[in-house]
Amino acid sequence: MATLTHQGTALVTGASSGLGAVYADRLARRGYDLILVARNQERLNALAQRLTRETGRTVEVLPADLSTSADRARVEEVLKSDASITMLVNNAGLGGTGPLLESNVDKMEETIDVNVTALMRLTYAVVPAFVARGKGTIINIASVVALAPEILNGVYGGTKAFVLAFSQSLRKELADKGVRVQAVLPGATATEFWEVAGDSLDRLPKEWVMSAEDMVDASLSGLDQGEFVTIPALPDAADWDALEAARQKLHPNLSHASPAARYGLKANVAA
């Protein structure tokens with residue numbers, strides 16, 4: 001095995017299966033030590049043992065349920081105190097595919113706890129250290145439903161829209177501080193997501209569904225190429241650039257003292 005430059009430590013959430021497990025594998029082979037976070041300790045242990053055996057990297061496991069404040073706090077403390085951490089992969093997430101009116105509101109709240117609250121808190125736990133060192137990488141796993149929330153459950157889509165918006169703000173705030181931010185927007189992927197969400201992957205056309213391995217490999221290639229937003233299935237990156245350019249064009253006209261002329265109102269200008 002070729003000797004790799006040590007890249008520091010990557011903390012990966014949702015690492016016991018799916019995209020998280022593939023991220024762990026690929027990052028270990030790139031020279032990262034790992035801290036693997038998920039609820040299933042048995043799976044974490046098995047993955048850690050395999051990756052240590054195959055790559056020689058140091059792999060720690062940190063069993064945690066990120067829907068609970070106590071477990072989030074334990075992971076936050078590691079991110080704040082472990083100076084070896086150079087990358088955070090916010091991959092853990094819960095999904096929903098059913099209509100809002102047929103969904104369990106407690107499950108939707110749990111989705112927000114994991115997809116929004118945990119991602120936000122873990123990011124804020126590690127960012128001060130990254131800024132102090134002048135380097136670090138944050139990978140936030142969103143979804144194409146951030147752009148098309150009508151496709152699946154609205155709460156799920158809303159949480160992923162948060163991830164994208166949060167990443168956009170972070171990128172601007174941290175641009176001159178040596179911290180890289182990438183937002184990844186996977187499409188349909190062959191993972192346990194569908195089963196856990198109470199749905200079946202079999203109902204989707206096969207040409208829509210990408211393997212977890214290809215999804216992660218494309219996302220890391222996007223990171224290497226300097227992409228901020230990576231949509232692994234999107235054939236032409238210019239389509240994203242056009243959407244972003246249209247969004248930026250709106251900025252100067254989103255706030256004015258007077259309502260737009262189409263509303264036919266006389267402005268009540270404050271003295």
Side-chain angles (χ1 to χ4, degrees), residues 5-15 19-20 23-24 26-27 30-35 37 66 72-73 75-93 112 114-144 146-147 158-186 216 218-232 234 237 240-241 243-252 254:
T5 301
H6 185 216
Q7 302 292 333
T9 300
L11 188 146
V12 183
T13 66
L19 296 179
Y23 264 107
R26 300 308 195 253
L27 292 174
R30 284 176 171 232
Y32 286 88
D33 292 332
L34 299 170
I35 300 174
V37 179
L66 294 179
R72 286 196 299 265
V75 181
E76 288 175 52
E77 184 55 36
V78 171
L79 288 166
K80 291 175 181 178
S81 62
D82 189 337
S84 75
I85 294 175
T86 56
M87 177 182 284
L88 169 62
V89 182
N90 277 313
N91 167 74
I112 294 170
V114 175
N115 296 9
V116 174
T117 304
L119 182 143
M120 178 273 294
R121 292 193 65 95
L122 299 191
T123 299
Y124 272 97
V126 80
V127 161
F130 282 179
V131 170
R133 297 175 207 139
K135 63 179 181 179
T137 301
I138 299 167
I139 300 176
N140 289 331
I141 307 302
S143 167
V144 293
L147 303 176
T159 65
K160 293 306 184 178
F162 169 87
V163 174
L164 177 57
F166 181 58
S167 299
Q168 288 168 319
S169 178
L170 278 175
R171 180 198 188 202
K172 179 180 179 182
E173 184 175 346
L174 303 177
D176 62 348
K177 295 178 171 57
V179 181
R180 286 204 57 191
V181 179
Q182 182 195 31
V184 178
L185 279 61
V216 172
S219 299
L220 288 172
S221 177
L223 182 71
D224 294 340
Q225 294 175 48
E227 290 185 348
F228 161 57
V229 168
T230 295
I231 307 175
L234 187 67
W240 165 260
D241 295 337
L243 178 63
E244 179 61 11
R247 188 180 72 87
Q248 293 292 337
K249 186 179 178 181
L250 290 175
H251 282 197
L254 292 176

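Worth saying up front: this structure is predicted, and the values here are computed from it rather than measured.
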To the nearest 0.5 Å, what is the distance between CG on Leu88 and CD1 on Ile139?
9.0 Å
Audit row: Val12, Ile35, side-chain contact (heavy atoms from CB on, under 4.5 Å) steps and yes/no
CA-CA 6 Å; Val12 183; Ile35 300 174; over 6 Å; no
Under the criterion side-chain contact (heavy atoms from CB on, under 4.5 Å), which of Ile141, Leu119, Asn140 is the partner of Asn91?
Ile141
Between Leu223 and Met87, is there a side-chain heavy-atom distance shorter than 4.5 Å?
yes
Closest heavy-atom pair and its distance - Gly14, Ala92:
N-CB, 3.6 Å
CA sep, side-chain torsions, deciding dist, call: Tyr124, Glu76, side-chain contact (heavy atoms from CB on, under 4.5 Å)
CA-CA 9 Å; Tyr124 272 97; Glu76 288 175 52; over 6 Å; no
To the closest 0.5 Å, what do you measure between OG1 (Thr86) and NE2 (His6)?
7.5 Å
Take Phe166 and Val163 through the side-chain contact (heavy atoms from CB on, under 4.5 Å) test and state the conclusion after the steps.
CA-CA 5 Å; Phe166 181 58; Val163 174; 5.7 Å; no
Whether the Thr13 and Asn90 side chains hold a donor-acceptor pair (N or O, under 3.5 Å, no angle test) is what I'd like checked.
no
For Gln182 and Ser167, indicate whether the former's side chain and the latter's backbone hold a donor-acceptor pair under 3.5 Å.
no
Examine the side chains of Glu173 and Ser169 and answer whether a donor and an acceptor come within less than 3.5 Å of each other.
no
To the nearest 0.5 angstrom, please state how far the CG atom of Leu234 sits from the CG atom of Leu147.
9.5 Å
Minimum heavy-atom distance Pro186-Leu19, with the two atoms named:
CG-CD1, 4.2 Å
Salt-bridge present (Glu244, Arg247; N to O < 4.0 Å)
yes
Please set out all donor-acceptor pairs under 3.5 angstrom arising from side-chain atoms of residues 126-137, sequence neighbours excluded.
{"residue": "Arg133", "atom": "NH1", "partner": "Ile85", "partner atom": "O", "Å": "2.9"}

Gap separating the CG atom of Leu174 from the CD1 atom of Ile138, nearest 0.5 angstrom:
6.0 Å
Does Thr230 use its side chain to pair, donor to acceptor, with the backbone of Ala183 at less than 3.5 Å?
no
Measure across Leu185 and Pro232 and return the closest heavy-atom pair with its distance rounded to 0.1 Å.
O-CD, 3.6 Å
For the student: nearest non-hydrogen atoms of Lys160 and Ala146, plus distance:
O-CB, 3.4 Å
Distance, nearest 0.5 Å, that separates OG1 of Thr117 from CZ of Phe162
8.0 Å
Nearest 0.5 Å, what's the CG-CZ distance between Leu220 and Arg30?
4.5 Å
Is there a donor-acceptor pair under 3.5 Å between the side chain of Arg72 and the backbone N or O of Leu66?
yes
Determine, step by step, whether Tyr23 and Val184 satisfy the side-chain contact (heavy atoms from CB on, under 4.5 Å) criterion, reporting the C-alpha distance in whole Å, the side-chain angles of both residues, the deciding distance to 0.1 Å, and the verdict.
CA-CA 12 Å; Tyr23 264 107; Val184 178; 3.9 Å; yes
